[in-house]
Amino acid sequence: MFDKGRSKEDVFRDLNVFHNMDMKYSSGRILGSMCTKPDPVGLEAYKMFIETNLGDPGLFKGTALMEQEVINSLGNLLHLKNPCGHIVTGGTEANIMAMCVAKYLYEEENEGTPELILPKSAHFSFKKVLSMLSVKPVYVPLNNEYKIDVTKLPDLITDNTMAMVGIAGTTELGLVDDILEISKIAKSYGVYLHVDAALGGFIIPFLNYKNNNQLNFDFKCKGVSSITIDPHKMGLAPVPSGGIIFRKKKYLEKLSIKTPYLTKDKQTTIVGTRTGASTAATWTLLNYHGMEGYKKIVEKVINLTTYTYNKLNKNKHVTIIHKPELNIISFKVDNIDVDTLQKQLQAYGWIVSLAEYPHVIRLVLMPHIKKEHIDEFLVDLDIIIQKNR
Ligand code: 0PR
């Protein structure tokens, strides 16, 4: 920092330099991100509520009311009548909150080291959970579809089981675990089940809407205790907008901390000061798009995913790992090692990410990706394949 401030023009000249170094979603080149260009309508709402702080909700009564309405809407979207929860910074915080609740519930009746049953496909936020909460992981194997092998679950449950995690939209392959069957097991053994639908939460309900083919993943499954659902992924809200929904009020109450000198006497979030702008953006987008609007948004990305899948599938040098269930496609190319392919694609300006298990290229088709981007990508991929032959 300088002793004297600089002129605004001067500062903004530098800001522009930084800004120009950033990639933009609108370039269509970001093929490995679960975030996307925020919907301008949500952004308008975000800016309007930029000074709000839900850490002191008595000062921002309207915003606090909006958060309740958003939680109700998300709960209803997930087939829960009286939901409670919060709009948080993202899937990581949502998962940590759910696991805190599960641990506190466990500790009410148990003393041993708590165990968390989870698949290797779980997002790395659960690794943070393991270390922050001193929880022992118990990994449930995946079946040959890269989903939780449900038959293996019962044998893993012990007196020390604190919770189980199922995923509706895995980070790497975008696959949905058999939540209905997992939920039956959770219910019959009395185990807390958390579903990480950070990605799928804003996709599956809209695929299910007015569709006879229902994919079960939410509170309809009676053993599900909490769900992560992120507006800043397929909900198109600006970052940071995550969501955590609990089946019972008593679950959220486990996080309650007294806040004697604030306008409300308790908090049930991990963070204290937190923006209400994310809540305002999410409220706005839910109202503005409605079920039908989101269905159209989701159908567009799913159609583009299918288009890309069909094209890649026709390429005899490409091996697709799993038929996409949501908007993620993972593949590898014969004779090109995955890391090399990632670098070569990057040299053509394409930012793709890698999955760890299995080690493959992963494309996330978010709404900022258009058909023309995919067509250009496929041309470049072909050039790379030919060059490596
Ligand atoms: N749960 C699942 C299933 C996720 O895929 C993610 C993030 C999280 C939880 C954690 O969410 P937050 O990052 O909101 O805390 N999945 C993406 C990933 O790690 C996040 C991401 C987003 C990565 C944008 C890159 C990027 O450009 O791959």
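Note that ligands are numbered from 1 as they come in the structure, with each ligand's atoms numbered from 1 the same way. The structure presented is a predicted model; accordingly, all values stated were derived computationally and were not measured.
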(request) Please name all residues satisfying side chain to side chain contact (heavy atoms under 4.5 Å, CB included) with T284, sequence neighbours left out, ordered by chain then number. (result) V41, A45
(message) Ignoring hydrogens and geometry beyond distance, is a side-chain donor-acceptor pair present between H194 and T228 at under 3.5 Å?
(response) yes
(request) Report the residues that fulfil salt bridge (Lys or Arg N to Asp or Glu O under 4.0 Å) with R247, sequence neighbours left out, ordered by chain and then residue number. (result) none
(message) Pairing donors with acceptors under 3.5 angstrom, does anything connect the side chains of N388 and Q344?
(response) yes
(message) Residue by residue, ordered by chain and number, which ones reach under 4.0 Å of ligand 1 with a heavy atom?
(response) S33, M34, C35, G90, G91, T92, N95, H123, F124, G169, T171, D196, A198, D230, H232, K233, R362
(request) Measure from the side-chain N and O atoms of D230 to the backbone N and O of G91, and report whether any donor-acceptor pair falls under 3.5 Å. (result) yes
(message) Which residues pass the side chain to side chain contact (heavy atoms under 4.5 Å, CB included) test with L43, not counting sequence neighbours?
(response) P38, K47, P238
